[in-house]
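Quick notes on the structure that follows.
Below, each value reflects all heavy atoms present in this structure, side chains not excepted, and no hydrogens, waters or symmetry copies. We name chains A, B, ... by the order of the sequence lines, and we start the count at 1 in each one. Computed from a predicted model, the values in this text were never measured in an experiment.
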Amino acid sequence: MRHGPILAPQQAKEMMSLTATLSQMFGDAFASQGLDTSYGTVVVSARPDLAQFQCNGAMAAAKQAKKNPREVAQSVIDNLVDKTPFAELGLAGPGFVNITLTDEYLAEYIDSLDEESKFGTLTDEPKKIVVDYGGPNVAKELHVGHLRPAIIGESVKQTLRYLGNDVVGDVHLGDWGMPYGQLIADLEDRFPDWPYFDESKTDGYPETSPLAIEDLQVLYPQAALRAKEDEDFAARARAAVVELQAGRPGYRALWQHMRDISIAAMKKVYDRLNVHFELWYGESTINHRLKPMVKRVSDSGDAYESDGALVIEVMTDEDTKEIPPLLVLKSDGASLYTTWDLATIEDRVEEFGAEEILYFVDVRQGLHFEQVFRAAHKTGIAPPEVVLEHPGNGTVNGPDGKPFKTRDGGLLTLRELIDMVVERAAQRIEENALAAEFDDEEKGEIAEMVGVAALKYGDLQNHRSSNYIFDVDRFTSFDGKTGPYLLYGAVRMQSVLREAGGRGLAAGTVIAPTVDQERNLMLQLARLPEVVARTAEHRAPNHIAEYAYELVADFSRFYEVCHILREEDQARQASWLHLIELALAELRLLLSLLAIDVPERM
RNA sequence: GCCCCCGUAGCUCAGCUGGACAGAGCAAGUCACUUCUAAUGACUAGGCCGCAGGUUCGAAUCCUGUCGGGGGCGCCA
């Protein structure tokens with residue numbers, strides 16, 4: 001790490017990214033022609049053989065101003081105030097402006113990058129954002145379906161936070177539905193003597209849970225099955241839910257036990273994935289809001305009775321497609337997930353002041369969220385300016401292209417999935433003679449990090465909304481675009497810096513590049529801000545995943561041709577060390593935004 | 001029946017919301033290690049972007065139609 005001057009927070013410098021700087025220069029040139037500055041947007045060139053950057057605004061500007069695009073482009077070039085940064089400015093095709101920087105300008109820019117200035121990342125106007133990305137059910141073990149929301153949500157949360165927003169992640173437990181009525185009713189039959197079922201008692205229940213998580217995992221499916229087959233039992237289960245939600249002390253105490261042991265079990269799995277929730281709220285958290293909220297939407301006329309149930313019409317005159325009304329109360333008067341979702345929005349707005357609420361949930365729940373969002377805005381539960389968004393995720397599929405299942409057709413637990421990848425990673429490490437020198441404990445730690453990185457990167461490199469095929473062998477490979485390859489890149493950077501440190505070599509000013517691989521690495525290092533911004537904008541970590549790979553690949557190419565420790569020109573060597581420090585700092589940041597840990601060595 | 005998503009190289013997937021000959025990884029073939037971790041790098045080959053129209057100076061990207069696959073449509077979450 002390079003240690004610049006320690007700046008007090010209020011003095012922390014804000015700097016612009018390279019493309020933002022260039023865009024401003026071109027924007028000014030457009031403005032001087034009476035055209036909008038937004039046409040000045042400069043992006044990385046699609047044709048690296050022709051130029052480093054390009055500006056395509058002249059074509060759009062010409063269309064709007066009814067001018068000749070090539071003439072507009074030429075006059076923009078002519079009206080750039082400062083041309084010293086440019087080695088080449090060319091006009092091509094219908095009106096592309098090709099831009100190549102001088103090596104000196106590029107080096108100077110790269111030299112100014114550091115962690116304090118976030119490598120040129122401009123922070124957002126801070127917003128209060130709630131990220132809802134868990135959704136596991138109490139009493140059920142986490143399964144494959146919980147993987148994507150967890151790791152995508154965590155990554156976007158970290159990214160939004162890095163950009164300066166006030167973000168909290170909420171697991172939003174499924175802890176208030178029918179399953180708990182079924183469990184309670186079933187337990188009451190099995191253990192009628194338990195104090196929880198004695199209606200004459202209102203307190204003095206056991207401190208610790210009589211049930212272990214393993215018990216719940218067995219009991220839950222049995223109770224669900226029983227409710228399906230036994231109508232009498234189902235009726236008692238429904239009654240138990242009503243009593244639970246009404247606050248019957250014994251039921252609440254038993255339910256609390258189930259919730260506590262479930263959370264403890266979930267945390268173990270989420271911890272392995274580096275997924276950490278600030279809030280462990282659930283559907284039950286907003287129970288006290290349900291009645292007043294329902295009354296309010298009924299009184300306002302937004303909600304009305306339909307087939308005995310209470311619904312909110314969410315279709316408008318502008319809709320060409322059919323959108324069914326949102327059901328907010330069942331015909332028996334009980335609340336359901338729509339009720340809880342609405343009340344949860346109310347809670348997040350009133351208690352936290354949420355300006356944006358993002359739901360990282362399976363895309364298949366798209367219609368539900370569309371209905372809930374519309375209802376929330378229509379009823380004023382969410383003020384109009386509050387952004388409600390459902391960046392949905394696709395599924396994890398098996399080799400057959402269908403949602404992942406175990407060999408016997410069951411649902412694979414998340415713990416089993418992680419174990420599978422970590423085991424394969426351990427095998428790969430074992431196959432390699434280089435790991436032999438590490439003791440078993442370190443090998444185990446490395447296998448865990450490599451395995452989890454393999455799993456997470458294998459997932460995150462796909463766009464959030466697409467389904468992908470889970471392939472342990474491919475994910476854990478050290479070759480190609482994989483988690484292990486990225487970790488290996490980071491480890492090599494660390495290794496060079498460690499060696500350099502041992503020899504008393506220090507990083508210095510970045511000087512003008514002389515070889516392509518060096519120049520390309522610099523250009524790559526400059527791209528981070530736009531990639532981070534794009535990830536946040538699209539709520540899609542695959543942009544960061546892709547960029548992290550490109551960065552490591554450019555580092556590897558540079559490393560191949562530029563032998564840092566052997567370099568005799570001391571200024572060049574110091575410059576290269578600086579580049580490696582920057583590459584490592586950026587890579588660590590990118591991986592931290594993907595919530596992937598980096599080992600010291602491997 | 002209505003609605004949503006997907007169809008890109010042999011395989012797995014990107015493609016920054018209209019820009020220049022469509023990209024990556026794997027697999028295949030060729031080449032480079034007395035190395036700072038070769039757990040690497042270089043090169044070759046591979047695609048009428050499902051199909052047919054349309055809008056545009058310009059379309060994998062937008063519109064219409066069509067075929068194929070997946071998913072969703074009030075008392076489960």
Side-chain angles (χ1 to χ4, degrees), chain A residues 43-47 49-50 54 56 59-60 62-63 69 92-96 98 135 137 174 176-179 283 306-311 321-332 334 336-338 340-341 361-368 370-371 392 394-395 397 401-403 428-429 431-432 434-435 450 458 461-463 465-469 471 473-474 477-482 484-485 487-489 491-500 517 530-531 533-535 537-538 540 542-543 545-547 549-550 553 556-557 559-567 580 601-602:
Chain A
V43 296
V44 171
S45 176
R47 295 284 304 273
D49 53 317
L50 299 179
Q54 60 182 322
N56 303 336
M59 273 118 41
K63 190 181 222 170
F96 296 107
N98 283 328
N137 290 324
W176 212 229
M178 270 311 296
E283 295 160 348
S306 165
D307 292 336
L310 193 68
V311 301
K321 60 178 182 181
E322 186 86 14
I323 299 193
L326 181 75
L327 184 72
V328 286
L329 279 186
K330 299 196 269 187
S331 48
D332 64 0
L336 71 166
Y337 69 113
T338 55
W340 311 327
D341 279 350
V361 179
D362 196 309
V363 284
R364 289 174 290 191
Q365 292 201 36
L367 179 59
H368 164 68
E370 171 147 30
Q371 290 175 293
T395 55
N397 293 345
K402 291 179 181 159
R428 297 257 193 198
I429 289 166
E431 285 162 13
N432 197 300
L434 284 172
V450 172
Q461 68 172 285
N462 299 293
H463 185 85
S465 68
S466 57
N467 305 327
Y468 72 89
I469 293 178
D471 182 341
D473 289 330
R474 186 162 64 84
S477 170
F478 289 95
D479 301 321
K481 201 187 283 185
T482 67
Y485 174 85
L487 297 191
Y488 176 60
V491 165
R492 285 169 115 189
M493 293 177 197
Q494 286 164 177
S495 181
V496 179
L497 293 175
R498 198 162 36 227
E499 185 64 27
Q517 287 86 342
E530 67 200 62
V531 174
R534 194 158 67 233
T535 295
E537 190 187 337
H538 296 269
N542 65 303
H543 291 112
E546 174 70 23
Y547 175 64
Y549 172 76
E550 286 172 11
S556 293
R557 288 188 268 263
Y559 178 89
E560 198 80 13
V561 294
C562 299
H563 279 248
I564 298 149
L565 299 180
R566 269 195 234 150
E567 176 59 34
I580 300 298
R601 54 175 195 168
M602 59 188 270

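- Rounded to an integer number of Å, the gap from A:Glu546 CD to B:C16 P is 12 Å.
- Below the 3.5 angstrom threshold, one finds a donor paired with an acceptor across the side chain of A:Asp49 and the base of B:C21.
- Using the six-membered ring where Trp is involved, A:His463 and A:His543 have ring planes that are perpendicular, over 60° apart on the 30 and 60° scheme.
- Between A:Arg534 atom CZ and B:C16 atom P there is a gap of 8 Å when expressed in whole angstrom units.
- A gap of 25 Å separates the C1' atoms of B:G15 and B:G53, to the nearest Å.
- Look at A:Tyr559 and you won't find any side-chain N or O under 4.0 angstrom from OP1 or OP2 of B:A39.
- One can place CG of A:Asn542 at 18 Å from P of B:U12, the figure rounded to the nearest angstrom.
- Within 3.5 Å, no donor on the side chain of A:Asp362 pairs with an acceptor on the base of B:A77, nor the reverse.
- Within the shown strands, B:C73 is the pairing partner of B:G1 under the Watson-Crick or G-U definition, both distances less than 3.5 Å.
- Side-chain nitrogen and oxygen atoms of A:Ser495 include at least one within less than 4.0 Å of the OP1 or OP2 phosphate oxygen of B:U37.
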Name the pairs: protein N/O against N/O of nucleotides 72-76 of chain B, kept only if under 3.5 Å.
unit_1: B:C75; atom_1: O2; unit_2: A:Ser331; atom_2: N; d: 2.5
unit_1: B:C75; atom_1: O2; unit_2: A:Ser331; atom_2: OG; d: 3.0
unit_1: B:C75; atom_1: N3; unit_2: A:Ser331; atom_2: OG; d: 3.0
unit_1: B:C75; atom_1: N4; unit_2: A:Asp307; atom_2: O; d: 2.7
unit_1: B:C76; atom_1: OP2; unit_2: A:Lys330; atom_2: NZ; d: 3.4

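- The separation of B:A60 from B:U8, taken at their C1' atoms, amounts to 7 Å, rounded to a whole angstrom.
- Rounded to whole Å, the P atom of B:G58 lies 14 Å from the corresponding atom of B:A20.
- A distance of about 13 Å separates the C1' atoms of B:G7 and B:C13, rounded to the whole Å.
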